[in-house]
Amino acid sequence: MKKTTQLRAIVTGPELDFLMEAHNGLSAKIVENTGFKGIWASSLTISASMGVRDNNEASWTQILEVLDFMNDAIDIPILLDGDTGYGDFNNVRRLVKKLEQRDISGVCIEDKLFPKRNSLLKNQKQSLADVDEFCGKIKAAKDTQRDDDFVVVARVEALIAGLDVEAALERAYAYREAGADAILIHSKQPDFNEIEQFLKAWDNCHPVVLVPTAYYTTPTDLFRSFNVNTVIWANHSLRAATSSMEDILGRIYREQSILDVEDKIAGVGHIFELQNSRELAIAEKKYMPTGKRDTNTVILAASQGELGVLTDNIPKAMLKVDGKPIIQHQTEAFRRQGTDETIVVCGFEKDKINLDNIIKIENSQYLESGEAYSLFCAKKYLNKETIISFGDIIFKRHMLVDLLNAPADVTIVVDAHSESESRTAYWVRTDVLYAQSFFARSITMVEISTELPIQDRSGEFVGLWKVSKNGARQLADLMARLSETEDLPKMTVADLLRELAKTTSIAVQFVSGSWLDINTIVDLQKASGFTC
Ligand code: SPV
Ligand code: MG
């Protein structure tokens, strides 16, 4: 429901409703949280909270600024205590226009002279406006509003100025005729008598609003019995805050300690809640770049390798290229791309894999099992997009960047110009050849094997691949199924990809060179100067 419609229901509806005062965004939020359906933006308390008097010392645009903060903080409507309208009919027109622009639901204007003074001040002369002139302001307000539900309340100050009930009624009738949606009849008497007389004579002929600050002892049911539409608790948020501040600050001053007041005041967590900090935290997750990708990396580094004495007592993945272990080249490359966890599956000489910021997972059966089983050991991390890499390869940065951007659920990197002839390689046959791949929208793996005849080889699987979150789930499911058979420990990654291809299309990202796998001392020498 629109805020204006809500306010109209409060002010003109038949049931007695209440507006509670607020004077800034925080108090407005507290009013709303307490359960009140609407807010009285009081001139007394807004000015007091600014440290000035309720004599139009704050300008009307300064009041608008406060209203903006209040309105932004809440979903309930605000009725502005608009004093005299801050000038003549023309100022009222501009006020209504600006209030509607700022989503304020209604205004109450009083029949006094600008600059007005607070109605409850003792021994102060209160000058009333000419009735006709004030009726002109009401008409101007009503003619200006664009939203039919915007509420204009006319406040009768005759009793405040010392006139009798007759005079008050005369003004109230005139304001009703001028188009006011409700009449606020104000009194500073400590009892209900003059208001009672007014209400009896008024006889519910138009909605009525009361402000019982002075006659606070009157039971609320009495207002109800007179079918009063709205009661405004006009200054109680500010007065509550004032007493509490004076009390607590006095204690802190005397005790020179905050120890004993801590459990008597709102915790900072509660203040954060009132500021709706949670919303910002959620928005930050959505909009703020964290520099992090939601991508894990699994490096398979369990095997010893066959580089003679070089791998006698360290795993191949820890052999140094340009002074840095092979897998450190990888972990740094992954981190530069902002990936999340780096998981290294170790086996042979696992303690020698001692890099920072990695999660080590052990394949204790590394001697009897292959790469697929190592990957299975890291299955718990296959819960999001994941890059999977052999621990003995070095590759150029662009290869990883392209792979991270690959859209398919499973993408493998294949070198179309592999020079490997003698050693064991995972040969891949694709549906589109590299030479035509520039014109193809996607390239799919058809076969992967160490045994592919030369004429069927489209390229060599580099040992670097990526699964999307969905692909990771499929891979994890496949490995879980295979783990129930005898097959998994014997399987290579190529075997796994072949199985996966039965249910999922495996996309191929072709490269031409740009990587090395380290199988021999010569490879190790070639790798120097080859940065990831
Ligand atoms: C206000 O709250 O600012 C009012 C009501 O106008 S009174 O203070 O009683 O005048
Ligand atoms: Mg006021």
Side-chain angles (χ1 to χ4, degrees), residues 7 11 18-24 27-28 31 36 38-60 62-64 66-67 70 78-87 91-92 95 99 104 106-129 134 137 151-163 168 171 175 180 182-192 194-195 198 208-218 223 228 230-242:
L7 184 65
V11 173
F18 304 91
L19 294 179
M20 172 51 86
E21 165 267 320
H23 46 276
N24 56 21
S27 57
V31 170
F36 287 101
I39 284 183
W40 170 247
S42 153
S43 69
L44 169 63
T45 64
I46 292 176
S47 57
S49 69
M50 289 173 165
V52 296
R53 287 163 291 222
D54 187 15
N55 290 55
N56 295 119
E57 289 183 348
S59 74
W60 74 280
Q62 287 172 324
I63 304 287
L64 278 189
V66 176
L67 288 175
M70 288 167 63
I78 296 176
L79 176 64
L80 169 66
D81 169 7
D83 292 340
T84 60
Y86 314 113
N91 301 90
V92 169
L95 174 65
L99 290 177
I104 305 302
V107 65
C108 172
I109 49 174
E110 63 192 64
D111 55 356
K112 289 205 303 228
L113 297 183
F114 181 88
K116 66 91 217 231
R117 51 190 58 168
N118 184 271
S119 307
L120 303 179
L121 283 168
K122 295 218 166 64
N123 308 320
Q124 296 259 342
K125 181 168 162 28
Q126 299 281 359
S127 309
L128 291 183
F134 191 68
K137 283 188 187 178
V151 173
V152 176
V153 177
R155 169 164 160 181
V156 178
E157 288 281 288
L159 303 176
I160 297 289
L163 302 188
R171 283 174 174 260
Y175 303 159
I183 301 298
L184 188 159
I185 176 70
H186 202 12
S187 163
K188 61 179 174 189
Q189 296 304 318
D191 56 51
F192 189 51
E194 60 182 12
I195 292 291
F198 178 95
V208 167
V209 181
L210 300 182
V211 183
T213 308
Y215 49 97
Y216 64 91
T217 54
T218 312
F223 304 142
V228 169
T230 314
V231 159
I232 296 178
W233 311 123
N235 42 46
H236 298 76
S237 307
L238 183 93
R239 286 165 63 193
T242 303

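Counting starts at 1 for both ligands and their atoms, in listed order. We number each residue from 1, following the sequence as shown.
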* To do: Compute the minimum heavy-atom distance from Arg155 to ligand 1 and say whether it is under 4.0 Å.
  => yes

* Is the shortest distance from a heavy atom of Thr213 to ligand 1 less than 4.0 Å? ->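 Thr213: no contact with ligand 1 (<4.0 Å).
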
State whether the shortest distance between N or O atoms of [X] and N or O atoms of ligand 1 falls below 3.5 angstrom.
X: Ser42; answer: yes
X: Asn235; answer: no
X: Asp81; answer: yes

* Under 4.0 Å from a heavy atom of Ser119: give me the atoms of ligand 1 that qualify, with their elements. => 10 (O)

* Asked: Can you list the atoms of ligand 1 that are under 4.0 Å from a heavy atom of Ala234?
  ->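 Answer for ligand 1: 2 (O).
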
Flag the pair [X] / [Y] as yes when at least one side-chain heavy-atom distance between them is below 4.5 Å, and no otherwise.
X: Lys116; Y: Asn55; answer: no
X: Ser237; Y: Val31; answer: yes
X: Ser119; Y: Lys188; answer: no

Of the side chain and backbone of [X], name the one, both, or neither that has a heavy atom under 4.0 Å from an atom of ligand 1.
X: Lys116; result: neither
X: Glu21; result: neither
X: Leu44; result: both

* To do: Give the name of the N/O/S atom in Asp81 that lies closest to the Mg ion (ligand 2).
  =>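 The closest N, O or S atom of Asp81 to the Mg ion (ligand 2) is OD2.
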
* Asked: Any N/O/S atom of Ser43 sitting less than 2.8 Å from the Mg ion (ligand 2), backbone or side chain?
  ->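 Checking the Mg ion (ligand 2) against Ser43, an N, O or S atom does fall under 2.8 Å.
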
